[in-house]
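These notes concern the structure reproduced below.
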Amino acid sequence: MTFLRTIYRFRFSFSLFLYALIRFLICPFSKMQTILKNSDTIADIGCGNGVFALFLAQSGAKKILGYDINGEKIKNAQRASKGIGTINFVNAAYESSHKLDAATLSDVLHHIAPFEQEALLKRIKAALRVDGMILIKEICHEDGWRFSLSSLTDKILYPRDVCHFRSASAWKELLDSLGFTVSHTKITWPFLSTNLFIGTKKSCL
């Protein structure tokens with residue numbers, strides 16, 4: 001199975017192997033990959049150790065670009081992806097340097113300030129081809145105890161970060177204002193706040 005091949009690539013570190021396994025348990029990567037299956041060039045922004053980017057590459061995506069400002073995580077991703085020619089990890093903030101069919105952000109946006117969220121989404125939109133897609137996985141305010149559990153987990157993993165969560169309606173409004181046609185899916189398994197937002201770049205903007 002593709003997810004097993006992905007986590008096996010992190011066998012050089014038990015903690016990273018465990019991390020990759022946990023990411024698959026708490027993120028709907030298979031569903032996200034299905035949404036992206038017709039996209040040739042994909043940017044995984046805030047890719048971290050590269051788990052989802054590697055999963056996409058091993059699922060047949062033609063070109064994956066992984067961006068993260070954490071140099072140590074990029075080194076881990078590069079080591080795990082050795083020998084896969086369709087993937088390239090970059091230790092940098094995302095800039096619109098390639099035309100994209102799709103961009104993904106998994107639990108990334110709430111770690112940056114609201115004005116930076118908007119600026120990043122604008123840069124992504126500029127790089128997307130007409131009818132290109134942005135796929136966002138986020139934690140949302142209105143998910144009750146699921147939100148509380150997710151935000152607690154986030155605080156444990158990233159104790160120094162100030163998080164900037166939004167409601168699902170606020171994310172949809174923001175994406176719509178930037179020129180995306182938006183759909184929203186709420187995932188109820190596992191027991192965490194898991195929301196997928198699919199934004200398609202409008203042809204008239």
Side-chain angles (χ1 to χ4, degrees), residues 2-3 5-24 26-27 29 32-33 36 39-129 132-139 153-164 199:
T2 306
F3 92 92
R5 295 204 312 271
T6 300
I7 63 174
Y8 182 70
R9 283 189 161 267
F10 292 91
R11 64 190 182 278
F12 58 88
S13 165
F14 177 75
S15 61
L16 287 174
F17 181 90
L18 184 61
Y19 168 84
L21 178 60
I22 291 171
R23 287 295 286 168
F24 273 101
I26 67 175
C27 294
F29 284 160
M32 293 167 70
Q33 184 275 326
L36 295 164
S39 300
D40 290 337
T41 302
I42 304 169
D44 186 23
I45 300 165
C47 64
N49 294 300
V51 179
F52 184 48
L54 276 163
F55 180 65
L56 289 174
Q58 295 193 117
S59 298
K62 293 181 179 178
K63 185 175 183 180
I64 308 294
L65 304 165
Y67 294 86
D68 203 283
I69 59 174
N70 187 309
E72 190 62 34
K73 290 182 178 180
I74 288 294
K75 288 178 182 177
N76 294 334
Q78 290 170 338
R79 183 174 179 183
S81 64
K82 188 175 181 179
I84 301 179
T86 56
I87 191 166
N88 183 38
F89 289 104
V90 181
N91 181 200
Y94 176 72
E95 296 294 341
S96 307
S97 56
H98 297 81
K99 277 298 180 183
L100 304 173
D101 296 301
T104 68
L105 300 107
S106 301
D107 294 320
V108 172
L109 287 172
H110 65 257
H111 287 284
I112 61 178
F115 74 93
E116 293 176 328
Q117 294 172 356
E118 186 170 347
L120 174 57
L121 292 171
K122 285 179 178 178
R123 291 201 300 274
I124 294 169
K125 178 176 173 265
L128 287 172
R129 297 183 174 91
M133 178 196 308
I134 186 169
L135 175 58
I136 299 169
K137 187 258 181 195
E138 264 300 336
I139 299 167
T153 302
D154 218 62
K155 193 65 176 175
I156 292 170
L157 292 173
Y158 307 99
R160 297 182 179 181
D161 284 13
V162 177
C163 292
H164 304 273

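By convention here, the first residue in the shown sequence is residue 1.
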Please lay out, stage by stage, how I112 and H164 fare under the test side chain to side chain contact (heavy atoms under 4.5 Å, CB included). CA-CA 7 Å; I112 61 178; H164 304 273; 6.0 Å; no
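- In this structure the side chain of L65 never reaches within 4.5 angstrom of the side chain of V90, judged on heavy atoms.
- With a 6.0 Å radius and a threshold of 12 heavy atoms from other residues, nucleotides or ligands, I69 has its CD1 atom at or below the threshold.
- Taken from CZ in F10 to OH in Y19, the straight-line distance is 8.0 Å, to the nearest 0.5 Å.
- In this structure, S96 contributes its side chain and R123 its backbone to a donor-acceptor pair below 3.5 Å.
- Note that the CD1 atom of I26 and the CG atom of L21 stand 10.5 Å from one another [nearest 0.5 Å].
- Among residues two or more places apart in sequence or in another chain, the salt bridge (Lys or Arg N to Asp or Glu O under 4.0 Å) test is passed with K137 by D107.
- To the nearest 0.5 Å, atoms CD (E138) and CG (L105) are separated by 8.5 Å.
- With sequence neighbours excluded, the residues satisfying side-chain hydrogen bond (donor to acceptor under 3.5 Å, both in side chains) with D154 are H110, H111.
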Output side-chain donor-acceptor pairs under 3.5 Å for residues 48-64, partner residues at least two apart or in another chain, one line each.
from, atom 1, to, atom 2, distance (Å)
N49, OD1, N76, ND2, 3.0
Q58, OE1, R9, NE, 3.2
Q58, NE2, T6, OG1, 3.0
S59, OG, F55, O, 2.7

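- Of all heavy-atom pairs spanning Y94 and A127, the tightest one is OH-CB, 3.1 Å.
- For the residue pair I74 and C47, the shortest heavy atom distance occurs at CD1-SG, 3.8 Å.
- Seen from the ring of Y8, R11 counts as a face-on cation partner, given the 6.0 Å and 45° thresholds.
- A distance of 13.0 Å separates CD1 of I124 from NZ of K122, quoted to the nearest 0.5 Å.
- Shortest non-hydrogen contact noted between L128 and A103 is CD2-N, 4.2 Å.
- Formation of a donor-acceptor pair under 3.5 Å by the S39 side chain with backbone atoms of I42 is not found in this model.
- In this structure, CE on M32 lies 3.5 Å from OG on S106, to the nearest 0.5 angstrom.
- The environment of NZ in K155 is crowded: more than 12 heavy-atom neighbours from other residues, nucleotides or ligands sit within 6.0 Å.
- H98 NE2 to N88 CG: the interatomic distance, rounded to the nearest 0.5 Å, is 7.5 Å.
- Proximity of a side-chain donor or acceptor of D68 to a complementary backbone N or O of N91 within less than 3.5 Å is not detected.
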